[in-house]
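Below you'll find the structure, written out as structure tokens, and then a few comments.
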Number of protein chains: 2
Amino acid sequence: MSSPSPTSRIAGTRRSHEISIADIARVAGVSHTTVSRALRDSPLISQETRKRIQQLALEMGYTPNAIAQSLQTRRTSTIGLAVTSIADPFLSEVVRGVEEIARSAGLSVFLSATHNDPEQEIAVIETFHRRRVDGILVASSRITGEYKQRLDQIRVPTVLINSQAESQYELLHSVAVDDLLGARLAVEHLLALGHRAIGYVGTSSRPRSCRQRLEGYQAALASAGLAPREEWVTIMAAEEASPQEDVLCGRRALLSQLSAGVTAIFCQNDMMAIGILMACHRRGIAVPHELSVVGFDDIEMASCIIPPLTTVRQPRIELGRLAMQVLLDLLHEQEGRNHVLAPMLVVRESTAPPPAL
Amino acid sequence: MSSPSPTSRIAGTRRSHEISIADIARVAGVSHTTVSRALRDSPLISQETRKRIQQLALEMGYTPNAIAQSLQTRRTSTIGLAVTSIADPFLSEVVRGVEEIARSAGLSVFLSATHNDPEQEIAVIETFHRRRVDGILVASSRITGEYKQRLDQIRVPTVLINSQAESQYELLHSVAVDDLLGARLAVEHLLALGHRAIGYVGTSSRPRSCRQRLEGYQAALASAGLAPREEWVTIMAAEEASPQEDVLCGRRALLSQLSAGVTAIFCQNDMMAIGILMACHRRGIAVPHELSVVGFDDIEMASCIIPPLTTVRQPRIELGRLAMQVLLDLLHEQEGRNHVLAPMLVVRESTAPPPAL
DNA sequence: CCGCTGCTTGCACACGTGTGCATTAGCAGT
DNA sequence: ACTGCTAATGCACACGTGTGCAAGCAGCGG
């Protein structure tokens, strides 16, 4: 089950000592200043010595100490990324987009999870500040007014991704998807299929997107001249904001939706829609012939599931890329812009006209 | 679509100046040494001044500079985590386990993607080294002999997670799941259901796990007295090691498996099994009644799909936690141990006895 | 020969924090 | 009063790198 570790190293190489520009300087018979300049290709140093020192650095296995550089230059080339849940398939893609752009700009990424808890979110951000990151990205931020003060201390360029805080503050920048538009697209699709009794299932763990998608849902109904009914709307209480929790919410929400007599359900996200699908499977309800289901996000899984899920695509990787790009602009002293991305309806096989009466 | 950024700050607060212990010392009328000691609760400082300075630090909004601390103490309290793909649902959980343990130990995590490319893997590790991380974790490492030399320079405690390199080197520590055992469990399950013609579908993008699972598959067949047949084994060529790529491999592999006349298929991982399921759905093949399918990993999606997938569960979060724990042991100068975790069969609804002849 | 210019190099300091050693003050014992 | 001891504090240096300024050297025109 286990084997002992290798502890001894090649003798003669002193384990502890990382070589520095001072070491190179000693060997080359110059000052550490010259080495520093030579390695940065400074025109102040003659071509000849430059080459010689660079060659020497290579031979001696020199690796610049980014810590010392950071202390001197007051830039760490590092950003912090806070997400509610690392294993969430939606956020995974956002993280991927962020890392992609960050790396191509020479920045490293600190990743930390907040578990949808404002207290932990603050703690994570304070850790980022201690480490003197150049910028901060927060996905699905729960920061509210009471925490705002504690953050005012920290003067670090920050961009929010799909912020869940009800009141945006103007100090921060943001990138988000247009929830209201997305919800309208989904519900209009159901209306066009002929549905007249359409339910909405959301969760309290992401209050802002829940509210905005509900508003879009209501707006679409209103445009079609349908009166909203309270029993068509199910908001599940939840704190955790994890994929497992979302599936569970979906499964539990099916009953009250069925008793409300809807022929189609629009869900706040794909995981909840999958919960609905699973509950339907258990109860022998055929989707889409007896009930239509629409999700939100278009996570990878949505196209793999049977039946493939009709949903609203959030440009997830783009969201991450764009947020990072905005942060880069801020770091280059340019004026950052807030962006709202348009989502897109993806029709698959979980929606159909309502069953004939 | 966009709005201008807030640029002006509250007047009077100098944006640029982060306050340091020297600033506190000036205000308190003591030396920076005393402040440093007071903040670290050194017994050298009197109770009285200690309290006074800590209070002052709080009022002045002091945040310790981790960069300067790192330079002095030669420890960054930082680790690097390299993964092939950030959006991979398997790795997401591993990352989550790692971050969980790291954070509770006061360490921050650098995350970077290698895209299954040894060249990029080296580059990522070199970046980690420049930043002087205290330790490194690599998931699904592709490091082979030719790169080994370049890594010997870097003397940083390193733990590999499910290494894909064919030849382990003894310099590094590792944590892995027992692929051979997992494959045997899966195939023995199919044999017990009565299957005699069982296929294996793998991908060349993860050579080691592919080979080991193939060996487990062959061992199980041999134990049952069945001769292995070449046409039962399909290895898809792939480089990328992304979830999308895996699904595609599965979809493409179905045809050759069907023409080989198998009644059950064991897949190298869940995403490939999902590809098989999707291809079956298109062609109207009923799973599990006409064909049984078994996956590997037990990712979240496996239980959400219809039919729920029979698969071999890798303890993913445990894998991440354990790897981080081993790294912590190494950092505390304890002797690290290599671990092999046992996987577990999870029977769901994608397997059944073979169709009657 | 002098002064000027351009090229190359080094000195000395800065970044913010931690720590070995010396210093001072206070106090008790003889 | 002198010695010895403890508690509290500060000095000075270290960590590894970047940079303003001065200095040295060579060449060149006057």
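In this structure, OG in B/S104 is found 7.5 Å from CG in B/L328, a value given to the nearest 0.5 Å.
A heavy-atom distance below 4.5 Å is not found between the side chains of A/N65 and B/R130. For the pair A/V95 and B/L111, the minimum side-chain heavy-atom distance is below 4.5 Å.
Residue pairs satisfying the salt bridge (charged side-chain N to carboxylate O under 4.0 Å, His left out) criterion with at least one member in residues 22-45 of chain A, sequence neighbours excluded, are listed as follows: A/D23-A/R26, A/D41-A/R50.
Here A/S46 pairs with A/E48, A/T49 under the side chain to side chain contact (heavy atoms under 4.5 Å, CB included) rule; sequence neighbours left out. For B/E318, the salt bridge (charged side-chain N to carboxylate O under 4.0 Å, His left out) test picks out B/R321, with sequence neighbours left out. Listed by chain and number, the residues in a salt bridge (charged side-chain N to carboxylate O under 4.0 Å, His left out) with A/E119 are A/R150 (sequence neighbours excluded).
Rounded to an integer number of Å, the gap from B/L44 CG to D/dA7 P is 10 Å. Atom CD of A/Q47 and atom P of C/dT9 are 12 Å apart (whole Å).
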Sequence-aligned protein contact record of nucleotides 11-18 of chain C, with B where the base is within under 4.0 Å of a protein heavy atom and S where only the sugar-phosphate is: BB-BBBBB
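Residue contacts for A/S70: at a heavy-atom cut-off of 4.0 Å it reaches no nucleic acid atom on any strand shown.
Each end of the helix from C/dC1-D/dG30 to C/dT30-D/dA1 gets its own axis, taken as the rotation carrying the C1' atoms of four end pairs onto the next four within a five-pair window, and the two axes meet at 70° to the nearest 10 degrees.
Under the 4.0 Å criterion applied to side-chain N and carboxylate O atoms, A/R96 and A/E93 are assigned as salt-bridge partners.
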